[in-house]
Every structure is written in structure tokens, then in C-alpha cells.
> 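The structure that follows is given in the form of C-alpha cells.
Lettering follows sequence order; numbering is per chain, from 1. Reckoned from all heavy atoms, side chains included, excluding hydrogens, waters and symmetry mates.
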Amino acid sequence: MTPFAARVLAVVRRIPPGRVAAYGDVARLAGRPKACRAVGNIMRDAQEPGVPYHRVIAAGGRLGGYGGNVGLKRALLRAEGITVTGTRVRDFARVRWEAARPQATGLRRRHDRSLKPEV
DNA sequence: AATCTGACTGTTG
DNA sequence: CCAACAGCCAGAT
């Protein structure tokens with residue numbers, strides 16, 4: 001377990017049920033804004049139990065991968081109330097984890113940095 | 001130290 | 001929407 005990997009897992013663990021985060025989001029929260037690709041590698045190799053890896057998706061609400069079992073990823077997300085159409089998460093902007101956004105009503109201005117989760 | 005890999009991303013055509 | 005590219009980065013060889 002490398003230091004960066006540990007930070008990444010710590011971030012992923014904080015994603016609440018019913019919410020998702022993009023690889024890039026996780027990278028940013030873990031302190032390496034451009035390490036989205038590295039995050040993917042870590043997700044793939046990680047073995048830690050109790051980590052909601054399925055809540056980490058690709059940019060734009062695309063599903064991304066899941067160790068070759070995207071079907072399971074989709075099922076897990078749906079089980080949390082997230083609607084997945086094909087390989088896309090519907091209303092990505094609303095279920096995207098920008099913690100502390102009180103309720104994802106979509107009525108707030110996007111790109112609000114004051115309510116981001118702590119890093 | 002050099003290379004290779006890919007659960008990625010953004011741009012371009 | 002899709003494919004091709006280029007950029008990027010931690011980790012494994």
C-alpha cells in the first residue's frame with residue numbers, strides 16, 4: 001500500500017451511498033489533480049474490503065470499468081438508487097459527490113467550490 | 001534509471 | 001457517437 005494509494009482509498013471510502021465521484025474528482029481530493037489514470041490503476045489493484053469502488057466512475061457520468069465486471073458495478077449503483085442507462089449514470093450532476101452540497105437539487109450554481117468535501 | 005501499463009481525460013476530426 | 005491522439009501519472013518490471 002503506497003501513500004498515494006492510501007489517500008485515494010481514504011477518499012473513496014467517504015463517498016456516500018447513492019453518490020458517485022469521477023476518477024478525476026478522486027485524484028483531486030487525494031491531492032494529485034491530474035492523476036486520474038493512476039487512480040484507475042489503484043482501483044483495479046486495490047483489495048481493501050469495505051471500500052465502495054463502484055461509486056468511482058469516469059468523467060461525464062460514463063460508467064468506466066470494474067475489473068471486467070461492469071455489469072456488477074451497474075447493479076450496485078442501481079441498488080443505491082442511481083439510475084444507469086447503458087454505460088451512463090443519469091443526472092450525473094446531481095448524484096456527483098460534491099459533499100456538503102446539501103441536497104442535490106441542481107438549483108445551486110455548479111462549480112461552487114465553497115462546499116467541496118474537505119481534503 | 002528506463003520502459004510499459006491502463007477501472008482516465010480532453011481535443012480533434 | 002466513435003476513433004485516434006496526446007497528455008498524464010503512480011506503480012510495477
> Give a yes or no answer on whether the side chain of A:Arg19 reaches the backbone of A:Arg96 with a donor-acceptor pair at less than 3.5 Å.
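Checking the backbone N and O of A:Arg96 against the side chain of A:Arg19, a donor-acceptor pair under 3.5 Å is found.
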> Does A:Arg90 have more than 12 heavy atoms from other residues, nucleotides or ligands lying within 6.0 Å of its CZ?
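No - once you tally the heavy atoms of other residues, nucleotides and ligands closer than 6.0 Å, there are 12 at most.
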> Could you give the CZ-to-P distance, from A:Phe4 to C:dA12, as a whole number of Å?
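Taking atom P of C:dA12 as the reference, CZ of A:Phe4 is at 13 Å.
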> Less than 4.5 Å apart, side chain to side chain, heavy atoms only: is that true for A:Val20 and A:Ile15?
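Contact flag for A:Val20/A:Ile15 side chains = no.
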> Expressed in angstrom and rounded to an integer, what is the separation of A:Ile15 atom CD1 from B:dA7 atom C1'?
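It is 13 Å, rounded to the nearest whole Å.
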> Hey, is the side chain of A:Tyr23 pairing donor to acceptor with the base of B:dA7 inside 3.5 Å?
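Between B:dA7 and A:Tyr23, which were checked side chain against base, a qualifying N/O pair under 3.5 Å is present.
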> Rounded to whole Å, please give me the gap between CZ in A:Arg88 and P in B:dA7.
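These atoms are roughly 19 Å apart.
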> Hey, does the side chain of A:Arg37 come within less than 4.0 Å of B:dT9's phosphate (OP1/OP2), counting only N and O?
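Negative; the distance criterion is not met.
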> Side chain of A:Arg32: nearest nucleotide among B:dT9, C:dA10, B:dA7?
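Minimum distance to the A:Arg32 side chain belongs to C:dA10.
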> Do any side-chain nitrogens or oxygens of A:Arg62 fall under 4.0 Å of OP1 or OP2 in B:dT9?
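Answer is yes, contact under 4.0 Å.
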> For A:Asp25 and B:dC8, what is the distance between atoms CG and C1' respectively, to the nearest whole Å?
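Going from CG in A:Asp25 over to C1' in B:dC8 covers 12 Å.
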> A:Leu72 versus A:His54: any side-chain heavy-atom pair under 4.5 Å?
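A side-chain contact is absent here, since even the closest heavy-atom pair is not under 4.5 Å.
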> Heavy atoms under 4.0 Å, any strand shown: does A:Ala27 hit a base, just sugar-phosphate, or nothing?
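If one applies the 4.0 Å heavy-atom cut-off, A:Ala27 turns out to touch nothing in the nucleic acid.
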> Heavy-atom nearest nucleotide on DNA chain C for A:Ala35 versus A:Asp45: which residue maps closer to 5'?
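Mapping each residue to its closest nucleotide by heavy atoms, the 5'-most match is A:Ala35.
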> Counting side-chain heavy atoms from CB outward, which of B:dA7, B:dT5, B:dT9 is closest to A:Met43?
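Within the option list, the nearest is B:dA7.
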> Rounded to the Å, how far apart are A:Lys34 NZ and B:dC8 C1'?
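Result: 14 Å.
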> Nearest to the side chain of A:Asn41, which nucleotide is it out of B:dG6, B:dT9, C:dC8?
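Of all the options, the side chain of A:Asn41 is nearest to B:dG6.
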> Report the nucleotide, chosen from C:dC1, B:dC8, B:dA7, that has the shortest atom-to-atom distance to any side-chain atom of A:Cys36.
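Within the option list, the nearest is B:dC8.
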